[in-house]
Amino acid sequence: MQIDALKILFAQSGLKFTNQRYLVYKAMVEARDHPSAETVWRRVRESAPAISLDTVYRTLASLEARGLVTRVPGGAEESRFDGDASPHHHLVCLQCGGIEDFVMLGAGLADLPPEVAAWGRVRDAQVLVRGVCRRCLGL
Ligand SMILES: [Zn+2]
Ligand SMILES: [Zn+2]
């Protein structure tokens, strides 16, 4: 991801561009495994050894508040984060904690029933499928 494009994105989101924010967001965009804050911290520390776990938590929260990162409601106590802002859904394994993406037509914002629109302002919607993955089932 280009730094200049990111600076514009942060500015549009009302976020000050800092090196730590950049590194956390970059780690999120590159991640495909929906990492926990602690996993993001371990990855970011490789290029910024001084960054604290608390900073990573706060950075993820501010990115989440602006819709740049989403929190995947998995089921484990540990929050997991997603840097892919494109509309997609999640498969969550309750055994290994693995989270995978899937795309489903007819499950987007446009497909929500009218009572949802009447409820308030919707930012995003996703389908969460929970169960046990093939690997854990030994298939
Ligand atoms: Zn599994
Ligand atoms: Zn995802």
Side-chain angles (χ1 to χ4, degrees):
M1 170 156 292
Q2 294 295 311
I3 284 209
D4 286 343
L6 211 59
K7 281 184 175 160
I8 293 168
L9 182 67
F10 276 27
Q12 283 168 346
S13 310
L15 269 181
K16 225 175 82 191
F17 186 92
T18 66
N19 191 47
Q20 292 188 330
R21 271 193 191 135
Y22 163 68
L23 290 172
V24 169
Y25 187 59
K26 184 167 165 280
M28 282 312 308
V29 170
E30 286 169 356
R32 280 293 155 264
D33 56 346
H34 308 84
S36 66
E38 232 178 294
T39 303
V40 176
W41 179 50
R42 262 185 273 117
R43 289 175 189 166
V44 172
R45 264 195 313 181
E46 286 170 23
S47 38
I51 195 166
S52 70
L53 178 57
D54 189 54
T55 299
V56 171
Y57 269 120
R58 279 187 285 108
T59 305
L60 285 170
S62 60
L63 292 170
E64 185 195 8
R66 275 124 185 129
L68 296 175
V69 155
T70 56
R71 203 180 285 253
V72 184
E77 15 358 312
E78 203 179 36
S79 281
R80 303 274 293 266
F81 296 90
D82 196 342
D84 179 359
S86 68
H88 65 276
H89 310 286
H90 293 106
L91 299 161
V92 176
C93 177
L94 297 169
Q95 210 152 302
C96 67
I99 300 179
E100 287 172 41
D101 294 331
F102 74 99
V103 174
M104 182 164 84
L105 294 174
L109 288 180
D111 307 296
L112 293 172
E115 62 261 35
V116 175
W119 162 83
R121 188 191 302 141
V122 175
R123 186 177 73 186
D124 51 61
Q126 62 167 267
V127 175
L128 189 69
V129 177
R130 299 200 290 172
V132 181
C133 75
R134 289 177 75 86
R135 228 179 1 215
C136 290
L137 288 171
L139 297 176

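Everything numeric here is computed off the predicted structure, so don't read it as measured data. Ligands are counted one by one from 1 in listed order, and the atoms in each one are counted from 1 as well. Any value given below was found using the heavy atoms of this structure, including those in side chains, with hydrogens, waters and symmetry copies removed.
With values rounded to the nearest 0.5 angstrom, I99 atom CD1 is found 8.5 Å from D82 atom CG.
Centred on the Zn ion (ligand 2), the NE2 atom of H90 and the NE2 atom of H34 lie at an angle of 100°, reported to 10°. Centred on the Zn ion (ligand 1), the angle running from C136 (SG) to C93 (SG) is recorded as 110°, rounding to 10°. Vertex the Zn ion (ligand 1), arms ending at SG of C133 and SG of C96: the angle is 120° after rounding to 10 degrees.
Checking each of T18, D54, V24, V69 against T59 for a side chain to side chain contact (heavy atoms under 4.5 Å, CB included) leaves exactly one that passes, namely V24.
At least one N, O or S atom of H88, from either the backbone or the side chain, sits less than 2.8 Å from the Zn ion (ligand 2). Coordination check, D101 versus the Zn ion (ligand 2): passed, since an N/O/S atom of the residue sits under 2.8 Å. Metal site remark for the Zn ion (ligand 2): D84 contributes no N, O or S atom at a distance under 2.8 Å.
Put simply, the side chain of L15 reaches to within 4.5 Å of the side chain of L63, judged on heavy atoms. Side-chain atoms of L68 and Y25, non-hydrogen and from C-beta on, do get closer than 4.5 Å to each other.
Taking the six-membered ring where the residue is Trp, H34 and H90 present perpendicular rings, their angle passing 60° and hence far from 30°.
Residue-level check: among N/O/S atoms of D82, OD2 sits closest to the Zn ion (ligand 2).
Applying the 6.0 Å contact sphere to CD of E64 captures more than 12 heavy atoms from other residues, nucleotides or ligands.
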